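Report on the following structure.
Just so it is clear, the model here is predicted, and its values are computed rather than measured. Naming: A, B, ... by sequence-line order, numbering from 1 per chain.
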Amino acid sequence: MKRTLQNMLSEALAASFREGLLPSCEIPPLEVDWTKDPAHGDYASNAAMILASRLKRKPRQIAEILVAKLGDSGGGIQKMEIAGPGFINFFIEPAQWYQMLGVVEERSERFGMSDLGGGRSMQVEFVSANPTGPLHIGHARGAVVGDVIANILAATGHSVFREYYINDAGNQMNNLGRSVYYRYLQLLGEAVEFPENGYQGDYITGLAREIMDRDGDRYRVLGEQEAVPVLSADAGGVILEGIKDDLKAFGVVFDLYFSERELYKDNGVAKLLEELKQKDFIYEEEGTLWFRTTAYGDEKDRVVVRQNGEPTYFAADIAYHRNKFARGFDTVIDIWGADHHGYIPRMMAGIQALGHEREALQVILVQLVSLLRDGKPVAMSTRAGEFVTLRQVVDEVGKDAARYNFLMRRSDSHLDFDLEVAKRQSNENPVYYVQYAHARICSIFRTAAERGFVRPARRDVDPSVLKLDEEIALIKAIVRYPEVVEAAALALEPHRLTFYLNDLAGLFHSYYNRNKVLSEDDPLSMARLFLVTCIQTVLRNGLDLLGVTAPVTM
RNA sequence: GCGCCUGUAGCUCAGCUGGAUAGAGCAACGGACUUCUAAUCCGUAGGUCGCGGGUUCGAAUCCCUCCAGGCGUACCA
């Protein structure tokens, strides 16, 4: 509908130019938007005001000419008004709205999907935590945001690939191996001192115990040098399996877990650095290799190979991103914790040096989460191994409440996550608001069946009996849903969907309290049942994109 | 010091990339269950959109100064 109006406006403008009613100029994109206030019609355009300065005419005069032209074409418009400084307000024929409800039925579980992306392939990389310990609450937000962005992109005609980058090649893994090794020695009764920067969580002791039970004192005999790499790989593998399980319980599944070590096979990283050196992006100074990231606007050049010969994380990350593009993805989306934002300029420089446009990489920053319990901060220290894990949160508050809570804010905004509030079954907790709307609709259908109503199809009802303002408002909200999904996809902002669903549920709850769906008036009951079916479809589709269940009963 | 982000109702946050009278939830107060689920609804109250300038028909939104908070500023990841 929005697009139809835009096209009509463009045509009207072109016609005015041809007929000399207006001095011609290049046609700028003409905007048509939803109105906030029903008094302003259903849609409004600011076209006349945009054109005013270019055409050197008064906005209202331009608006009048356009409205006269549009009047000729008819097409579902009940009336048009010129208002305020020069807005053109469109009032749509109710029949148009009713007709669009038919689309909801036709498209059903596909309503809201589109081919916006035209099949472009997008890779979404998220979570990507070191397998040095279980995922904690901070990772949970990134996991949901990434997962839902991927869902939304998939729904809008993109080919989506979800990937988890396992940072399993660096110091941290070595540290993990040492931590396990020392716990292991302690379990064997050695009075060794645990490394100061080691991982202190209880899970380390658990891993050490498993190894001891299985392999006895083998690694003590082997010695630290030999044992640490083995224990590191062993423990990393076990922890990664745990991470996968936790994510699965959280509703997050990846297409690929990509190991950083892959990049080092066949000297891959070294070869890449050599290539970049040929292109003069890399130079040597004081025994270290530097990447000329300043060539693309970074504030200083960055080290890629340290003095001790070890490549930095950045070096591997360039190789990783080259690998991504080599696999044919048109766009690569990285979801990072906001504390990594300083890393963006160098990564952007990296992909540009590889010959890609800046736009090919999109970085979404997710702010860290403050965990609360009844309004009081929960003490967390990763070093000391005191933290609330993703698994604990899912077990305590449930998958649906946890996911929904992470989607209630813009990603780039601090989030307080209160465990007590998230599991409270009250109106302080917004998850249930939307789910309850869905459950209520299901309940209406149970009652309807008892009273002998069948679920009506579009052709069984005369929607023109839906005359109430609230009913029209509901229909408009339903019709708007696909646009919300598209907007969320374009902006990579899943929270828009959350807010929309909350609004739709609100409209429904209000309507439900004021009006009976089932009454003595059969045609009205049927029409309302059909309306409610459409709401149910949208709620279910929307919740599905969020990865939150749509319960039949609550 | 420099860079990025944030600043909107008592609290937590939206505000559709510049539109019409700035919205919602919670908290407060007052109402609605013999009714398709009260995990709901209706109403009241609550604002110098951090401050000051600028851009234009029009600014919470864009630009600049300043103030406050967070993060970053590694041969860590």
Within 90° of 0 counts as syn, otherwise anti: where does B/C33 fall?
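What B/C33 shows is a syn base, its glycosidic angle lying within 90° of 0.
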Syn within 90° of 0, anti beyond: B/U17 is syn
For [N] and [X] - does any side-chain N or O of the residue sit under 4.0 Å from the phosphate oxygens OP1/OP2?
X: A/Arg410; N: B/G15; answer: yes
X: A/Ser413; N: B/A14; answer: yes
X: A/Arg496; N: B/G15; answer: no
X: A/His438; N: B/U40; answer: no
X: A/Tyr433; N: B/C41; answer: yes
X: A/Ser510; N: B/C42; answer: yes

Under 4.0 Å, counting only non-hydrogen atoms across every strand here, what does [X] touch: a base, just sugar-phosphate, or nothing?
X: A/Ala437; result: nothing
X: A/His341; result: base
X: A/Phe445; result: nothing
X: A/Asn175; result: nothing
X: A/Ala448; result: nothing
X: A/Asn130; result: sugar-phosphate

Is a side-chain donor-acceptor pair under 3.5 Å present for [Y] with [X]?
X: A/Glu125; Y: A/Ser128; result: yes
X: A/Tyr199; Y: A/Arg178; result: no
X: A/Arg409; Y: A/His414; result: no
X: A/Ser519; Y: A/Ser525; result: yes

For [N], give its Watson-Crick or G-U wobble partner with both distances under 3.5 Å, or none.
N: B/G19; result: B/C57
N: B/A39; result: none
N: B/G7; result: B/C67
N: B/U73; result: B/G1
N: B/G47; result: none

[X], nearest nucleotide to its side chain (from [options]):
X: A/His509; options: B/A77, B/C41, B/A38; answer: B/C41
X: A/Met554; options: B/A39, B/G19, B/C36; answer: B/A39
X: A/Met49; options: B/C41, B/A20, B/C57; answer: B/C57
X: A/Arg514; options: B/A77, B/C42, B/C5; answer: B/C42
X: A/Thr35; options: B/C41, B/G72, B/A20; answer: B/A20
X: A/Asp416; options: B/G19, B/C5, B/U12; answer: B/U12

Would you kindly check whether a donor in the side chain of A/His340 faces an acceptor in the base of B/A77, or vice versa, at under 3.5 angstrom?
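Counting by modelled atom types and ignoring angles, a donor-acceptor contact under 3.5 Å is found here.
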When the ring planes of [X] and [Y] are compared, do they come out parallel, tilted or perpendicular, using 30° and 60° as the limits?
X: A/Trp336; Y: A/His340; result: tilted
X: A/Phe291; Y: A/Phe281; result: parallel
X: A/Trp34; Y: A/Tyr43; result: tilted

So how far is it from A/Leu468 CG to A/Asn515 CG, rounded to the nearest 0.5 Å?
5.5 Å
Before giving the answer on salt bridge (charged side-chain N to carboxylate O under 4.0 Å, His left out), spell out for A/Arg496 and A/Glu493 the whole-Å C-alpha distance, their side-chain angles and the decisive distance to 0.1 Å.
CA-CA 6 Å; A/Arg496 295 191 188 202; A/Glu493 290 182 351; 2.9 Å; yes
Output the rounded distance in Å from [atom1] ([X]) to [atom2] ([N]).
X: A/Leu504; N: B/A14; atom1: CG; atom2: P; result: 21 Å
X: A/Ile441; N: B/A39; atom1: CD1; atom2: C1'; result: 15 Å
X: A/His414; N: B/C71; atom1: NE2; atom2: C1'; result: 8 Å
X: A/Asp503; N: B/G15; atom1: CG; atom2: P; result: 12 Å
X: A/Met348; N: B/C4; atom1: CE; atom2: P; result: 15 Å
X: A/Asp37; N: B/C16; atom1: CG; atom2: P; result: 18 Å
X: A/Asn46; N: B/A59; atom1: CG; atom2: C1'; result: 15 Å
X: A/Lys36; N: B/G19; atom1: NZ; atom2: P; result: 8 Å

Of A/Val517 and A/Ala83, the one whose closest nucleotide on RNA chain B sits nearer the 5' end is A/Ala83
If each of A/Ala491 and A/Pro59 is mapped to the nucleotide of RNA chain B with the nearest heavy atom, which maps nearer the 5' terminus, i.e. the 5' end?
A/Ala491
More than 12 heavy atoms of other groups within 6.0 Å of A/Asp469 CG
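No, the 6.0 Å shell around CG holds no more than 12 heavy atoms from other groups.
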So A/Glu471 and A/Arg528, salt bridge (charged side-chain N to carboxylate O under 4.0 Å, His left out) or not? Walk me through it.
CA-CA 9 Å; A/Glu471 288 166 335; A/Arg528 286 182 170 174; 2.9 Å; yes
Just wondering, do A/His40 and B/A20 stack (centres under 5.5 Å, planes under 30°)?
yes
Applying the 5.5 Å / 30° rule, does A/Phe499 stack onto the base of B/A24?
no
Review item, nucleotides 73-75 of chain B N/O atoms under 3.5 Å of protein N/O:
unit_1 : atom_1 : unit_2   : atom_2 : d
B/C75  : O3'    : A/Arg306 : NE     : 3.4
B/C75  : O2     : A/Gln307 : N      : 2.7

